[in-house]
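See below for the structure under consideration.
We count residues from 1, following the sequence as given.
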Amino acid sequence: MQVQTGSPIEVDLELVFASDGSGSIDDEELRFQRQGYAAALADQRVQDVIAAGPLGRIAVAFVEWGAPESQHTIVDWTVIAGRDDALAWGAKLLAAPRAAYGYNSISEAIAYSADLIRTNDIQGARKVIDLSGDGPQIGGRPLALIRSMAVADGITINGLVVANRNVRTGPSGEPLEEHYEMDVIGGLGAFVVVATEERGFTQTVLAKMVREIADARPTGAATQFAQDTPDER
């Protein structure tokens with residue numbers, strides 16, 4: 001169900017998939033990533049947790065990002081209220097041309113995704129950015145600032161480290177997963193997963209979607225919910 005401008009709709013979750021489309025991701029890897037998201041969203045396990053929500057529908061958008069000036073909406077906001085919606089969304093994702101270029105401004109990817117949430121015509125009980133990447137923050141505005149702004153606006157940022165052949169370390173040589181844990185994710189319930197060839201990218205994305213959609217906790221700044229303060233970043 002494509003969202004129509006000027007027609008607000010209530011959903012259980014607003015979810016932006018912010019996927020790494022930078023220069024370290026070759027065309028084959030990009031296609032594999034898109035196939036993983038398309039397959040996971042249409043999977044019956046994801047459809048079951050969507051249907052189990054109070055409203056039985058979520059809204060999703062897909063972004064690919066690279067350099068500080070390269071963030072692109074590949075598939076705009078779409079309400080998913082059944083498998084047919086997910087299949088139509090996935091077909092658009094797989095058919096869209098590549099757009100992102102350059103290297104790894106995680107901060108600008110978060111800023112762009114947060115603006116998509118702030119400016120849409122959707123009213124979601126929860127708001128999540130699902131950011132995936134194979135490298136550290138490179139360029140753009142300070143990551144800590146952009147993360148804190150998104151979290152303050154009620155958005156939780158989760159991370160998916162793509163452990164492909166080009167995967168790099170964090171800015172200080174730490175494991176990339178640790179960089180995501182410390183510097184990228186934020187908000188109530190924020191978490192990081194790692195997708196490896198051994199585990200299977202699609203299965204990792206699927207499990208992550210299920211967890212994000214099924215989580216009934218509020219998103220964003222923990223200071224709004226004193227009992228959950230330890231989860232704030």
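Nearest heavy atom pair, residue V128 against residue L13, reads CG2-CD1, 3.7 Å. Smallest separation of non-hydrogen atoms from V205 and A40: CG1-CB, 3.8 Å. Taking every heavy atom of both residues into account, L160 and A195 meet most closely at CD2-CB, 3.7 Å. Between S22 and G102, the shortest heavy-atom contact is CB-O, 3.0 Å. Across L30 and G21, no two heavy atoms sit closer than the pair CD1-CA, 3.9 Å. For the residue pair T196 and A163, the shortest heavy atom distance occurs at CG2-CB, 3.9 Å.
Within the 4.5 Å cutoff, the side chain of I74 has heavy atoms near those of the L93 side chain. Within the 4.5 Å cutoff, side-chain heavy atoms of I155 are placed close to those of I129. At a threshold of 4.5 Å between non-hydrogen side-chain atoms, the residues I9 and D121 do not count as touching. A 4.5 Å side-chain heavy-atom check between E14 and I58 finds every atom pair outside the cut-off. A 4.5 Å side-chain heavy-atom check between I106 and L131 finds at least one atom pair inside the cut-off. Side-chain contact between D215 and R126 is present, with at least one heavy-atom pair separated by less than 4.5 Å. Here the side chains of T73 and D76 are in contact, with some heavy-atom distance below 4.5 Å. Taking 4.5 Å as the limit, some side-chain heavy atom of E64 sits within range of a side-chain heavy atom of R34.
Side-chain atoms of Q47 come within 3.5 Å of backbone N or O of R83 as a donor-acceptor pair. The closest donor-acceptor contact from the side chain of E177 to the backbone of P175 lies at 3.5 Å or more, if one exists at all. For the pair T219 (side chain) and K127 (backbone), a donor-acceptor distance under 3.5 Å is present. The closest donor-acceptor contact from the side chain of W77 to the backbone of L116 lies under 3.5 Å. In this structure, the side chain of T156 engages the main chain of G220 through a donor-acceptor pair within 3.5 Å. W65 places no side-chain N or O within donor-acceptor distance of the main-chain N or O of A100, the cut-off being under 3.5 Å.
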Steps toward side-chain contact (heavy atoms from CB on, under 4.5 Å) verdict (T204, V193): CA-CA 8 Å; T204 304; V193 297; 3.8 Å; yes
Evaluation steps, side-chain contact (heavy atoms from CB on, under 4.5 Å), between Q137 and N104: CA-CA 6 Å; Q137 162 77 359; N104 295 77; over 6 Å; no
side-chain contact (heavy atoms from CB on, under 4.5 Å) assessment of F191 paired with E212: CA-CA 10 Å; F191 66 95; E212 287 167 334; 3.9 Å; yes
Derivation of the side-chain contact (heavy atoms from CB on, under 4.5 Å) call for V184 and R147: CA-CA 7 Å; V184 176; R147 177 179 67 177; 5.8 Å; no
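Between S132 atom OG and N158 atom CG the span is 11.5 Å, to the nearest 0.5 Å. How far OH of Y112 is from NE2 of H72: 8.0 Å, rounded to the nearest 0.5 Å. With values rounded to the nearest 0.5 angstrom, R211 atom CZ is found 11.5 Å from D130 atom CG. With values rounded to the nearest 0.5 angstrom, D43 atom CG is found 7.0 Å from Q203 atom CD. With values rounded to the nearest 0.5 angstrom, S107 atom OG is found 11.0 Å from I138 atom CD1.
The pair D12-R57 fails the salt-bridge criterion, with no side-chain N (NZ, NE, NH1 or NH2) lying under 4.0 Å from an Asp/Glu carboxylate O. The pair D48-R45 does not count as a salt bridge, with every side-chain nitrogen at least 4.0 angstrom from each carboxylate oxygen.
Taken together through direct or relayed side-chain contacts under 4.5 Å among Ile, Leu, Val, Met, Phe, Trp and Tyr, Y101 and V63 form parts of separate hydrophobic clusters. There is no path of hydrophobic side-chain contacts, each under 4.5 Å, that joins V79 to L55. Linking Ile, Leu, Val, Met, Phe, Trp and Tyr residues whenever their side-chain heavy atoms come within less than 4.5 Å places I185 and L145 in a single cluster. V210 is connected to I80 through a chain of hydrophobic side-chain contacts under 4.5 Å among Ile, Leu, Val, Met, Phe, Trp and Tyr, so both are in one cluster. One hydrophobic cluster, built from ILVMFWY side chains closer than 4.5 Å, cannot hold both V162 and Y103; they sit in different ones.
Judged purely by distance below 3.5 Å, without hydrogens or angles, the side chains of D134 and S24 pair a donor atom with an acceptor atom.
Every residue two or more places apart in sequence or in another chain that forms a side chain to side chain donor-acceptor pair (under 3.5 Å) with D183 is listed here: H179.
Note on ring orientation: taking the six-membered ring where Trp is involved, the planes of F62 and W89 are perpendicular (angle over 60°, cut-offs 30° and 60°). Relative ring orientation between F17 and Y37 is described as tilted, the plane-to-plane angle lying within the 30° to 60° band.
Each salt bridge (Lys or Arg N to Asp or Glu O under 4.0 Å) pair with one or both residues in residues 99-110, not counting sequence neighbours, appears once here: E108-R141.
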